[in-house]
Structures are given as C-alpha cells and as structure tokens.
Enquirer: 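Can you keep this structure in mind? I'll have questions shortly.
Computed over heavy atoms, backbone and side chain alike; hydrogens, waters and symmetry mates excluded. Owing to the predicted nature of the structure, the values given are computational and were not obtained by experimental measurement. All chains are named by letter (A, B, ...) in the order of the sequence lines, taking the proteins before the strands, and each is independently numbered beginning at 1.
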There are 2 protein chains.
Amino acid sequence: MVAFTRPTVQMLRLSRKSDYALVALKALRALGPGDALSARELASRFGLPVDLTPKVLARLAQAGLVQATLGKTGGYRLARDAESITVAEVVRILDGDPELAPCREGILECNRIADCDLRHPLGNLQREMMNVLDRMTLANL
Amino acid sequence: MVAFTRPTVQMLRLSRKSDYALVALKALRALGPGDALSARELASRFGLPVDLTPKVLARLAQAGLVQATLGKTGGYRLARDAESITVAEVVRILDGDPELAPCREGILECNRIADCDLRHPLGNLQREMMNVLDRMTLANL
DNA sequence: GTAAAGGCGACCAATCTGGTCCGATATTAG
DNA sequence: CTAATATCGGACCAGATTGGTCGCCTTTAC
C-alpha cells in the first residue's frame, strides 16, 4: 500500500525561506522589550535548518525588519511594530517580487493583443492577491 | 554587461499549465456557439507548446470544463458558462490543491503548539487567497 | 481508406530551491 | 587583551518539480 502521497504542489506556495522567516518573526514578536533570540536558538526551537536560519534573519535584518546585535550575548529582535510588518513585505525580501504569470521571455506572442489581453486581467488577479498579502500583518498572524 | 536578468520568482506563481489553460479558455470563450478550436490552432495562435497544449485541454475536458469533439473537424469548445469557471478550479485541475505552507513531513515540531500556532493563521491567509481565486471567473478575466 | 483530430502514458531535460560548507568580521565577557 | 560567540556573505551541490517531447492508439470526416 502506497502511503498517502499527497501531490505536493509547488505552485502558489510560499517559499521555505518565507515560511521560516514568518516562524522566526512570530517568535520574536513574543519577546520582551530587552530580550533577543539567537539564530541558533530559533533554529533549534522550531526545527529550522541551522545554517539557513542565520541567512534568512540576515536578510530580514538588512531590510530593517529585525535588529541584530553582535557579540557573545547577541541575537535578534523586532525592529518595527508587528502591525507594520506584512507578509507581502517578508515575501518580497526573501523571494523577490512575485508574479502570478510572468511574460515568457523571447516569445513573439508577447506583442499579440490577444495574449496580453489575458495577461492584463491576470494582473488584476495578482493585484488582489498582493492586497491580501499586504493586509496580513505579523500582528494579525 | 549582463542583460537585465530579473530574478524570476517561482514561488507564488501560477504554473505554466494553468497559464496556458487560461489563455486557451479565454480564446474558447470568444467562440460562436457552433464553433470549435483545435489544440493545434490554439497552440499556434498563442505560441503555446504544440505537444503540451492537447494535454492541458484533455485535463480540462475530463474535468468537464470544455467539450472535446474527435475526428477530422474536431476541436474544443467551452462546456459551461464562462461565469461558472473560476481560476481556482482551473488551477486545482491542473496543479492540484495549492497550499501556501504545507506542513513539512516528519518534522517533530509539527506537534508543537508554537509552530502550528503559526500555521493555522497562515491557513486564514490561504483561505483569503483561495477566495480571490474563486471569485475570479473566466468571464471576469 | 486516408488524413486529421483528440487521448493517454512514459520519458527526458532544464530549472529552481533548499541546504551545507567555507570563511571573514564584529562585539562582548572575563 | 584574548577568546568565545555572534552575525555576514559567497560559492557550491544535490534533490525535487516542472515542463516539454515522443510515441502509439482511437475516433471521425471526406
């Protein structure tokens, strides 16, 4: 008997990095004002990849979402209000600007009216989706 | 000089198949009541892969979205009102049920409250997204 | 009967992602 | 001052997923 292999869909999915970032951010949100969490601690607490977690947090740090303190007792803490941190922003930082249906490069039909006639309304769809991601803040999570 | 390589993001993207399907469906929508379009015609008209297009349409046909007629003068036509065909349905047919952040298998933390505390609200996000996809019909496109 | 169309399964290749290793740098405890 | 611990950043490799192709078969119009 084959064991329940759900066809894991790749499309329309958050990247692992974004996933991890949200987990970490949410943990940081629960911290006291003076406290901080190290990447190592976050990784071990949530089962995140040990070597990938610092990378993710570094990106968040240089984007200004979290504040990193070096040194022996260092770690990360939120740099902004949880209300101001949106899922859309996190995704954009870690995976870039998502496009539902990017124009395929070097395709002749990209100039065709009939085709871009479709791609434009798809843009509406995308805009709606981004709206959803924009409205979902860390505080709402 | 490296030529403008925008980091095409894979995540949060429609699959190519869904993309093609929407293009094809939209073309079928513009058809007269008795007319039909062959996969070949659709492919050449929109620059879709010739061998992949029939496959996509076949899936749509067996899902009941389009009606296929065999034979020399065969082709496809819409089998339902454009108003009743949603993007969500198309995606589900071609790529399966999308999950924003599927639980990683075999992870110990899946039982942890802190973790699934996050995944549940992510479910809300997903539900909102699916709502958007559900509301966007072929007629709206 | 022949040509053109869809139906279906298997297979291969390119791409993307995720994960790891490596080192360098900065800061704090003692 | 020194050592330990933290962040930072690049390069690299392997696995997974997607997408595209080839093949053969059935059905229908002429």
Side-chain angles (χ1 to χ4, degrees), chain A residues 5-21 24 36-44 47-63 65-77 79 91 94-96 98-99 101-102 104-105 107, chain B residues 5-21 24 28 35-44 47-63 65-77 79 91 94-96 98-99 101-102 104-105 107:
Chain A
T5 53
R6 181 178 31 178
T8 34
V9 186
Q10 194 75 353
M11 304 286 91
L12 283 179
R13 247 186 34 186
L14 247 52
S15 78
R16 224 98 154 168
K17 289 177 194 164
S18 296
D19 190 355
Y20 298 158
L37 271 179
S38 72
R40 207 174 301 269
E41 174 69 14
L42 281 167
S44 83
L48 312 182
V50 182
D51 286 311
L52 189 53
T53 305
K55 285 177 122 35
V56 169
L57 288 176
R59 302 277 290 273
L60 294 179
Q62 75 186 44
L65 292 199
V66 303
Q67 189 186 14
T69 56
L70 294 184
K72 195 173 183 182
T73 61
Y76 294 96
R77 79 196 69 182
V91 169
L94 291 170
D95 297 324
E99 286 184 288
R104 322 155 230 157
E105 296 187 18
I107 206 118
Chain B
T5 54
R6 180 177 32 176
T8 35
V9 185
Q10 194 76 351
M11 305 284 92
L12 283 180
R13 246 187 34 185
L14 248 50
S15 78
R16 226 103 153 164
K17 289 177 195 165
S18 297
D19 190 356
Y20 298 158
L28 294 183
D35 294 340
L37 269 179
S38 72
R40 206 173 303 269
E41 173 70 14
L42 281 167
S44 84
L48 313 182
V50 182
D51 287 311
L52 188 53
T53 306
K55 285 178 122 34
V56 169
L57 288 176
R59 302 277 290 273
L60 295 179
Q62 75 187 45
L65 291 200
V66 304
Q67 189 187 12
T69 55
L70 295 184
K72 193 175 182 182
T73 61
Y76 298 95
R77 80 194 69 181
V91 169
L94 291 170
D95 298 324
E99 286 183 288
R104 324 155 230 161
E105 296 186 17
I107 207 120

Enquirer: Answer whether the closest heavy-atom distance between the side chains of B/Val91 and A/Leu12 falls below 4.5 Å.
Expert: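 Yes, their side chains come closer than 4.5 Å.
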
Enquirer: Is the closest side-chain heavy-atom distance between A/Met11 and B/Met11 below 4.5 Å?
Expert: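 Not touching, per the 4.5 Å side-chain cut-off.
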
Enquirer: Output one line per pair: protein atom, nucleotide atom from nucleotides 4-7 of chain D, and distance, for all N/O pairs under 3.5 Å.
Expert:
| unit_1 | atom_1 | unit_2 | atom_2 | d |
| --- | --- | --- | --- | --- |
| D/dA6 | O4' | A/Gly71 | O | 3.0 |
| D/dT7 | OP1 | A/Ala39 | N | 3.2 |

Enquirer: In this structure, how many angstroms lie between the P atom of C/dG7 and the CD atom of B/Gln67, rounded?
Expert: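 Roughly 11 Å, once rounded to whole Å.
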
Enquirer: Rounded to the nearest 0.5 Å, how far does CG of B/Leu42 lie from CG of B/Leu37?
Expert: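 The CG atom of B/Leu42 is 5.0 Å from CG of B/Leu37, to the nearest 0.5 Å.
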
Enquirer: Under 3.5 Å, side-chain donor or acceptor atoms of residues 47-57 of chain A against the rest of the protein: list the pairs with distances, not counting sequence neighbours.
Expert:
| unit_1 | atom_1 | unit_2 | atom_2 | d |
| --- | --- | --- | --- | --- |
| A/Thr53 | OG1 | A/Pro49 | O | 2.7 |

Enquirer: Nearest whole Å is fine: how far is C/dG19 P from A/Leu94 CG?
Expert: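 So the two atoms are 13 Å apart, to the nearest Å.
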
Enquirer: At under 4.0 Å, does any side-chain N or O of A/Tyr20 touch on OP1 or OP2 of C/dG19?
Expert: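 The answer is yes; a side-chain N or O of A/Tyr20 sits under 4.0 Å from OP1 or OP2.
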
Enquirer: Given B/Thr69 and B/Arg77, is the side chain to side chain contact (heavy atoms under 4.5 Å, CB included) satisfied, shown in steps?
Expert: CA-CA 9 Å; B/Thr69 55; B/Arg77 80 194 69 181; 3.6 Å; yes

Enquirer: Where does DNA chain D pair, written as one dot-bracket string 5' to 3', with Watson-Crick or G-U pairs under 3.5 Å, ( ) inside the strand, [ ] for crossing pairs and | for another strand?
Expert: ||||||||||||||||||||||||||||||

Enquirer: If you assign each of B/Met11 and B/Asp51 to its closest nucleotide in DNA chain C, which residue comes earlier from the 5' end?
Expert: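 Counting from the 5' end, the first nearest nucleotide belongs to B/Asp51.
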
Enquirer: Checking only heavy atoms, does the side chain of B/Lys55 share a donor-acceptor pair with the base of C/dG6 at less than 3.5 Å?
Expert: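 There is none.
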
Enquirer: Do any side-chain nitrogens or oxygens of B/Gln62 fall under 4.0 Å of OP1 or OP2 in C/dC8?
Expert: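 Yes.
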
